[in-house]
Amino acid sequence: MSTAPTPAPAAGRASMKKELPERFKSYKHVWVFIEFEHGQIHPVSLELLGEGRKLADKLNCELAGVLLGGDKAQLQEAAVSVWEHGADLVYICADPILTHYRNEPYTRVMTDLTNTYQPEIMLLGATVMGRDLAGAVATTLLTGLTADCTELAIDDEGSLAATRPTFGGSLLCTIHTLNFRPQMATIRPRVMAMPARTTGRRGRTIEHKAGLNELDIITKVLRFLPDRDSKKAQLAYADIVVAGGSGLRSPENLQHVRELAAALGGEWGCSRPLVQKGWVEADRQIGQTGKTIRPKLYIAAGISGAIQHRVGVEGADTIVAINTDPNAPIMDFAHLAVIADATEFLPALTAAFNRRLSVNRLAG
Amino acid sequence: MHIVVCIKQVPDSAQIRVHPVTNTIMRQGVPTIINPYDLFALEEALRLRDTFGGEVTVLTMGPPMAEESLRKALGIGADRAVLLTDRFFAGSDTLATSFALAQAVRKIGETWGEPKLVFTGKQTIDGDTAQVGPGIARRLGLQQFTYVAGIQDVNEAAGTITVLRRAEGGVQELSTQLPALITMLEGTNEIRRGSIADVLRGARAELVTWNAQAAGIADVTSCGLRGSPTVVKRVFAPKTRAAKATQVEVKDRTPETIAEDLIDQIYARQPGLEDDLMRMAAGY
Ligand SMILES: Cc1cc2nc3c(=O)[nH]c(=O)nc-3n(C[C@H](O)[C@H](O)[C@H](O)COP(=O)(O)OP(=O)(O)OC[C@H]3O[C@@H](n4cnc5c(N)ncnc54)[C@H](O)[C@@H]3O)c2cc1C
Ligand SMILES: Nc1ncnc2c1ncn2[C@@H]1O[C@H](COP(=O)(O)O)[C@@H](O)[C@H]1O
C-alpha cells in the first residue's frame, strides 16, 4: 500500500468552509473530562491532559480539567493530580447526586458547565463512561463529536483536526467540527502517551453548583458489583503483554502464552478468533474491537497481524512476532520476528527468560 | 409491550479492500450484513416480547437496499419492519442519524403505539462510534442505558426496569422508569434461528418504507450533510513502516539458542527493558 494520502473526496461536507457563528466566538480553552470513580482518576484522563496541553499551547489558551463527584474533599485532592499533569484550571462540581456515574445528572452538569464557561474543545476518554456521556452531551448541545480518535491536531484555521480509523481500520480519516462548539472528541485509553507529572505544579479551581434534586433523577443505582478478576483490567496498562492467536491451534496451547507472561510479570491477551471460539473471555481481546495496549514489549504468537489487530498494538515499543509464515502481515509492523512453531518456541523462550532473570537476580 | 430495535446494514468489513494504487475503498461486490452487535439487541427484544407479549418493530435508515437487512430481521422473528430512506439522509453523521431515527421512532409510536423500550447495538462495525444510541435517547428524552449485559427485571404494570450495566471495573445494577433506551453488549445472549415460517414471512412481507416527510420530518436541514456538524476533511491510508521485522536466525539452531539470541536482540533494541524485567520478575 502506498503511503501517499488519498485526495479528499470532493463531495459535500469536505468542501464546506468555516463560518463560525457569532455566538460561538467567545468559546475558548481546552477541557478534559476527568473520569473519577471509586476515589480514583482513570489513567486515560491523565493521558488526555497531556494531549490537551499540546492543543492549548498551540491555541494559546488554558487547559482545564472537569471533575465531578460526590465528595468535595476527595475532588480537591484529585485536582492536585490534574494540575500536576498539565491543567491550569480545575472545575469542581461536588454533589451527592454525582457519587456514582449516571447519565442524566452527569449530562446535565456537563452541558450546564459548557454553556456557562464555553470551552472550544472538549476531550473525553472512549471508555464505558466517556462514551455514554459524550454522546448525550454532544446531542444536547447539538455539536459534533468524533469517536475513538488516534491523533489530534490544530489546523491552520485553528480548528481541531481529529483523526480516527475508518472502514474497519483500513483507512484513517480526519474530521473537523467547523461551525459548532465545543468541538468534542473521545480517545481510547493507551492511544496517547502518559504525560510526565510535574510535582508541585498548581493551578486555579472553579467550583460549580450542580443545582440538581435527587427526586428529579429517574434512574437509581441499586448496586455496584466489582469485577472479581480485577487483574484483567490491567491488560491495557501492562508493560509486558504476550498474546496468542489462531496459530496456537488449541486452547491447551494458550498455557504457553500464560506461562511466558507470568515469567515476565506481564499480562496475556489474544486475537479475536480465540474469543469467538469461546477459548478466551472477551476482555482479553486486543485490537480495534478489544483493548488498545501500549506495552514496552509485545510478543504475538500465532497472530497474523490483521489491520484490526494492528491498530491495537502499534503503540508498543518493541513488537516480537512468532509465526511460521515469514510473509504474515505482522512482519510489516513487528520489530523482531522468529519464524517458528509457537507451541515449540514459547516454552523455550519462557525457559530462557527464567534462566536470565534468575541468574541476574542472584548476581544483583 | 411495544419494542423498537434499530439495526444497521453494514459492509462485512473483514472483506473491505483498499485499492493498492489509488488507496480508495473498493465497495463493489462487498457483501452486507446486519451489524453483528445489533443482533444481540434484536434477540433481547424478542425475548422480552416472548415473555410479556407485544410487538417488536425493527427500524433501519439507509439506502433502499437496506431492505435486505430488515427482511433478515423479520426472518429471525421481528413483527414489523420500517425502512427510513430518503436522499436527504445521505451523508448523515451521528447527530443527523440520531435526529432522523428519533423522528422515525416517534412516528412508529404514533402509528402502532408508544414503544416502552428502544434497543440499539453497542456500536456499528463501520461507523464504530457508539454514539447513535445515546443520541436517540437524548432526542426522545428517554432514560439511557449503554453497555447493558443483562435485563434483571421488567415490571410492566409499574413501568419499571432493572438492568445490569457494564461499568469500569465492575457492573452497575440500575433501575429506572420506562420508556428507556438500551444499547446491548455483545455476547450477552444467544441469537435464535428464525423458524421457517418467519423466514418465509420475512422474504415476502410488505415493508413499511418512509421518506423524510412520511416519518414526520418537516425540517430536512437537520438531516444528512446539512444536519451534520462534523466534516470529513481527508481520508488516507495509514503510514506503513519502511522496514520489515528483523528475523532472528533460526536455521540449524535449537530453540534454546534462538531464544537466547532473541532476548539479546530485544535488550539491544531497548536498553532499560532488562532492568524493568528484573524488577517485575522480582515482584515490584
Ligand atoms: C469489524 C472487525 C473487528 C475486528 N476486531 C478485531 C480485534 O479487535 N482484534 C483482533 O485480533 N482481530 C479483530 N478482527 C479480526 C481480524 O480481522 C483477524 O481475522 C484476526 O485478527 C486474525 O486472528 P489471528 O491472527 O489469530 O488468526 P489468523 O489470521 O488465522 O492467523 C494465524 C496466524 O498464525 C500463524 N501460525 C499458524 N500456525 C502457527 C504455529 N504453529 N506457530 C506460529 N504461528 C502459526 C499463521 O501463519 C497466521 O499468520 C476484527 C475483524 C472485523 C471484521
Ligand atoms: N442508519 C442506522 N439505522 C438504524 N440504526 C442505526 C443506524 N446507525 C446506527 N444505528 C444504531 O445505533 C447503534 C450505534 O451505532 P454507531 O453510533 O454508528 O456505532 C447501532 O448498533 C445501531 O443499533
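Note that this is a predicted model, so its numbers are computed, not measured. Note on naming: letters A, B, ... go to the chains in the order of the sequence lines (proteins, then strands), and numbering restarts at 1 for each one.
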Option that, when pairs with chain A are counted at under 4.5 Å, heavy atom only, ranks first among B:Gln265, B:Glu168, B:Arg166, B:Gln123: B:Glu168
Which atoms of A:Val275 approach chain B - backbone, side chain, both or neither, heavy atom under 4.5 Å: neither
Verdict with reasoning, A:Lys296 to B:Asp276, per salt bridge (Lys or Arg N to Asp or Glu O under 4.0 Å): CA-CA 9 Å; A:Lys296 292 179 173 154; B:Asp276 289 336; 3.0 Å; yes
Heavy-atom pair count under 4.5 Å with chain B, highest-scoring of A:Ala136, A:Gly135, A:Gly144: A:Ala136
A:Glu157 CD: over 12 foreign heavy atoms closer than 6.0 Å: yes
A:Asn103, part contacting chain B, at a heavy-atom distance under 4.5 Å: side chain
Under 3.5 Å side-chain donor-acceptor pair for A:Glu35 and A:Thr127: yes
Salt bridge flag under 4.0 Å for residues B:Asp128 and B:Lys122: no
Electrostatic pair B:Asp38:B:Lys8 at N-O distance under 4.0 angstrom: no
Interchain contact, B:Ile266 with chain A, by part (heavy-atom threshold 4.5 Å): both
Contact origin within A:Gln183 toward chain B - heavy atom pairs under 4.5 Å: neither
Heavy-atom pair count under 4.5 Å with chain B, highest-scoring of A:Leu297, A:Ile175, A:Leu336: A:Leu336
Sub-4.5 Å side-chain heavy-atom contact between A:His335 and B:Thr246: no
A:Arg356/B:Glu260 ion pair, N-O < 4.0 Å: yes
Chain A contact via B:Arg269 - which portion, at a heavy-atom distance below 4.5 Å: side chain
Mutual orientation of the aromatic rings belonging to A:His38 and A:His100 [parallel < 30°, tilted 30-60°, perpendicular > 60°]: tilted
Under 3.5 Å side-chain donor-acceptor pair for B:Gln9 and B:Asn35: no
Side chain A:Arg272, main chain A:Thr289, donor-acceptor under 3.5 Å: no
Heavy-atom contact with chain A under 4.5 Å, split by part of B:Ser222: neither
Chain B contact via A:Thr143 - which portion, at a heavy-atom distance below 4.5 Å: backbone
Heavy-atom neighbours of A:Glu151 CD exceed 12 at 6.0 Å: no
Part of A:Ala340 within contact of chain B (heavy atom distance under 4.5 Å): neither
Under 4.5 Å from a heavy atom of chain A, the part of B:Ala180 involved: neither
Region of B:Gln247 in contact with chain A, defined by heavy-atom distances below 4.5 Å: both
Contact leader toward chain A among B:Val132, B:Thr160, B:Val248, where contacts are heavy-atom pairs under 4.5 Å: B:Val248
Side chain / backbone / both / neither for A:Ile240 at chain B, heavy atoms under 4.5 Å: side chain
Option in A:Ala321, A:Ala147, A:Ala337 with maximal non-hydrogen atom pairs under 4.5 Å from chain B: A:Ala337
Leading residue by heavy atom contact count with chain B [cutoff under 4.5 Å; candidates A:Met331, A:Arg102, A:Met129]: A:Met331
Among A:Asp317, A:Leu145, A:Asp148, residue most engaged with chain B (heavy-atom pairs, under 4.5 Å): A:Leu145
Plane angle bin for A:Phe353 and B:Tyr267 - parallel if under 30°, tilted between 30 and 60°, otherwise perpendicular: perpendicular
Reference residue B:Gln131; test side chain to side chain donor-acceptor pair (under 3.5 Å); the match among B:Thr94, B:Thr97, B:Asp93: B:Thr94
Part of A:Thr150 within contact of chain B (heavy atom distance under 4.5 Å): neither
Atom group of B:Val250 that falls short of 4.5 Å from chain A, counting heavy atoms: side chain
Which atoms of B:Ala137 approach chain A - backbone, side chain, both or neither, heavy atom under 4.5 Å: neither
Spatial distance of atom NZ (B:Lys233) from atom CG (A:Asp155) [nearest 0.5 Å]: 5.5 Å
B:Glu249 portion near chain A, given a 4.5 angstrom heavy-atom threshold: neither
Top of A:Leu142, A:Thr166, A:Thr107, A:Thr350 for chain B proximity - count of heavy-atom pairs under 4.5 angstrom: A:Leu142
B:Gln143 and A:Glu104: side chain donor to acceptor below 3.5 Å: yes
Contacting region of B:Leu273 [heavy-atom separation from chain A under 4.5 Å]: side chain
Heavy-atom proximity to chain B below 4.5 Å, by part of A:Phe180: side chain
